[in-house]
Asker: 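One structure, as C-alpha cells, below. Some questions next.
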Amino acid sequence: MRKTTLVNIFLRSLLIHATLNFRRMQNLGFTMAIIPLIRELKLNEKESEAFLTKHLQMFNTHPYFTGPIIGSIVGLEEEHASQKDELFDVNAIKQSFMASYAAIGDTFFWGAFRPFAAFVSILLMYLGLAFAPVIYLLIYTPVHVWVRLKGFIEGYHRGKRGFEFIRSLNLPGLAVKIRWMSLGVLIALLLWLSRSGGYWPFMQTYSIVIRLAAVAVVLLCMFLMHKGLTQLQLLYGAVAVFVVISWTGLMN
C-alpha cells in the first residue's frame, strides 16, 4: 500500500470523534478514516457498498486507541482482499480489540496520565510560570500522539497481532506508577500553598499545623484509593469539604 494512503488514513483517524453518535458511537468516524482504502483496493461500486456497510456497524473504544485498531483492520483488509477470503469476519476482530483497548485507555490516560499532567501544570502555575498551560500540552500531547501513530504503524504491520504492541507498553502497570507520582506532585502543591505568606491567608498563623494536615490529607487519599475509592469520588469529596469550609468562614 502507498505511504500516502496510510498517512491519509491515519490523519483521518484523528477526527474519529467528529461524528460521534449515540446509536453506533464511532462507526462513522471509523468508516470515514478507511475510505481511502476503497480507492487503494480498487473496489467496484457493489464491493464499495458492501465494504462501507460492513464497517458502519457499532464501534466504540478509547479515542487514542482507534489508531492501533484502524491500522490492524487496514492491514487485514489489504491481506484478505488479495487472498479473496470470503470467511474473513472483520467485525469480530474489531469487537475483540475495542473492549480491551477501551479499558486500557481509560485506566492509563483518563485515570492516571491526564491528572498527572494537570497536577504538574497547576503546581507550575502557583510557582508563577506563565506558560504552565503550555507545559500541560507538552507533557500530555506527545504521549497520546505517539501511541496513536506508533500503534497505527504496528497494527498495520502485525494485523491480528497488533495487540502485542499495546501489551508491550504495560500501560496498566505504568498507570499505577504515575498515580504515585501524581500524589507526590500533589503533596508538593499543598506544601507550596501552606508556606509562610502562601496562597491561603489563615495558613500564615498555623503554618506547621497546616503543613502536617496537608500531608495527612494526601495520605488519607492514598488510603481511600487503596480501599477502592476512585479519583472522581475523592474530587467530589474535596469539593464538598471546601464548600463547607467556605460556609464556615475559615478561608477569610
Asker: Is a side-chain N or O of Asn21 found less than 3.5 angstrom from the main chain of Met25, in a donor-acceptor match?
Answerer: yes

Asker: Within the 4.5 Å heavy-atom criterion, are Leu169 and Phe108 side-chain neighbours or not?
Answerer: no

Asker: Output a table of donor-acceptor pairs, distance under 3.5 Å, between side-chain atoms of residues 60-69 and any protein atom two or more places apart or on a different chain; print 'none' if there are none.
Answerer:
residue, atom, partner, partner atom, Å
Thr61, OG1, Met98, O, 2.8
Thr61, OG1, Ala102, N, 3.3
His62, ND1, Tyr64, N, 3.1
His62, NE2, Gly105, O, 3.4
Tyr64, OH, Tyr140, OH, 3.1
Thr66, OG1, Pro63, O, 2.7

Asker: How long is the span from the CG atom in Asn8 to the NZ atom in Lys3, to the nearest 0.5 Å?
Answerer: 16.0 Å

Asker: Sub-3.5 Å donor-acceptor pair from the side chain of Ser121 to the main-chain atoms of Ala132, do we have one?
Answerer: no

Asker: Given 3.5 Å as the limit, does a donor-acceptor pair link the side chain of Thr141 with the main chain of Leu138, or not?
Answerer: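 The answer is no, because no donor-acceptor pair under 3.5 Å joins these two groups.
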
Asker: Please evaluate residues Arg12 and Ile35 with respect to the criterion side-chain contact (heavy atoms from CB on, under 4.5 Å), reporting the C-alpha separation (whole Å), side-chain torsions for both, the decisive distance (0.1 Å), and the verdict.
Answerer: CA-CA 9 Å; Arg12 284 167 171 252; Ile35 283 178; 4.0 Å; yes

Asker: Restricting to ring pair (Phe, Tyr, Trp, His ring centres under 6.0 Å), what partner residues turn up for Trp146, sequence neighbours left out?
Answerer: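 Result, ring pair (Phe, Tyr, Trp, His ring centres under 6.0 Å) vs Trp146: Phe165.
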
Asker: Taking the basic N atoms (NZ, or NE/NH1/NH2) and the acidic carboxylate oxygens, is any pair closer than 4.0 Å for Lys54 and Glu77?
Answerer: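 A salt bridge links Lys54 with Glu77.
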
Asker: Can you give me the closest heavy-atom contact between Ile104 and Pro172, atom names plus distance?
Answerer: CG2-CD, 4.4 Å

Asker: I'd like to know if the side chain of Glu47 reaches the main chain of Asn44, judged simply by a donor and an acceptor atom lying under 3.5 Å from each other, with no hydrogens or angles considered.
Answerer: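 Yes: the side chain of Glu47 pairs with the backbone of Asn44.
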
Asker: Regarding Glu49 and Lys46, does a basic nitrogen lie under 4.0 Å from an acidic carboxylate oxygen?
Answerer: no

Asker: Working note: Thr107 + Leu171, criterion side-chain contact (heavy atoms from CB on, under 4.5 Å); need CA distance, chi angles, decisive distance, verdict.
Answerer: CA-CA 8 Å; Thr107 299; Leu171 294 181; over 6 Å; no

Asker: Quick check: is Phe30 connected to Leu15 through a chain of hydrophobic side chains (ILVMFWY, heavy atoms under 4.5 Å apart)?
Answerer: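 The answer is no; the residues belong to distinct hydrophobic clusters.
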
Asker: Measure the CG-OG1 distance between Leu37 and Thr31 for me, rounded to the nearest 0.5 Å.
Answerer: 11.5 Å

Asker: Which atom names give the shortest non-hydrogen contact between Ile70 and Ser13, and what distance separates them?
Answerer: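 Reported closest heavy-atom pair: CD1-CB, 3.6 Å.
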
Asker: With hydrophobic residues grouped by side-chain heavy-atom distances under 4.5 Å, do Leu41 and Val74 end up in a single group?
Answerer: yes

Asker: Less than 4.5 Å apart, side chain to side chain, heavy atoms only: is that true for Gln26 and Leu20?
Answerer: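 Yes, their side chains come closer than 4.5 Å.
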
Asker: For the CE atom of Met181 and the CZ atom of Phe113, what is their distance to the nearest 0.5 Å?
Answerer: 9.0 Å

Asker: Given side chains that start at C-beta, do those of Leu11 and Leu14 come closer than 4.5 Å, heavy atoms only?
Answerer: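 A side-chain contact under 4.5 Å exists here.
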
Asker: Search all heavy atoms of Ile73 against all heavy atoms of Lys94 and return the closest pair with its distance.
Answerer: CD1-CG, 3.5 Å

Asker: Quick check for you: to the nearest 0.5 Å, what is the distance between Gln95 atom CD and Ser100 atom OG?
Answerer: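 It comes to 11.0 Å.
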
Asker: Assess the residue pair Phe152 and Leu6 against the criterion (side-chain contact (heavy atoms from CB on, under 4.5 Å)); give the C-alpha distance rounded to whole Å, side-chain angles, the decisive distance to 0.1 Å, and a yes or no.
Answerer: CA-CA 9 Å; Phe152 176 80; Leu6 290 175; 4.2 Å; yes

Asker: Might you work through the side-chain contact (heavy atoms from CB on, under 4.5 Å) test for Ser72 and Tyr156, ending with a clear yes or no?
Answerer: CA-CA 5 Å; Ser72 294; Tyr156 174 72; over 6 Å; no

Asker: Of the non-hydrogen atoms in Phe109 and Pro115, which two are nearest, and what is the gap between them?
Answerer: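 Shortest heavy-atom contact: O-CD, 4.0 Å.
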
Asker: First locate atom CZ of Phe116, then atom CZ of Arg179, and finally report the distance between them rounded to the nearest 0.5 Å.
Answerer: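 Reported to 0.5 Å precision, the distance equals 13.5 Å.
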
Asker: Taking all non-hydrogen atoms of both residues, which atom of Ala112 and which atom of Ile178 are closest, and how far apart?
Answerer: O-CG2, 3.6 Å

Asker: Nearest 0.5 angstrom please: Leu43 CG to Phe51 CZ, how far?
Answerer: 6.5 Å

Asker: Which hydrophobic side chains are connected to Leu28, either touching it within the sub-4.5 Å cutoff or through other members that do?
Answerer: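 Cluster partners of Leu28: Leu56.
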
Asker: Does Arg148 reach the side chain of Val145, with side-chain heavy atoms less than 4.5 Å apart?
Answerer: no

Asker: When hydrophobic residues are tied together by side-chain contacts of less than 4.5 Å, even through go-betweens, does Ile139 share a cluster with Leu129?
Answerer: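 Linked, Ile139 and Leu129 end up in one cluster.
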
Asker: Just wondering, do Phe131 and Met125 contact through their side chains at under 4.5 Å, heavy atoms?
Answerer: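 No, their side chains stay 4.5 Å or more apart.
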
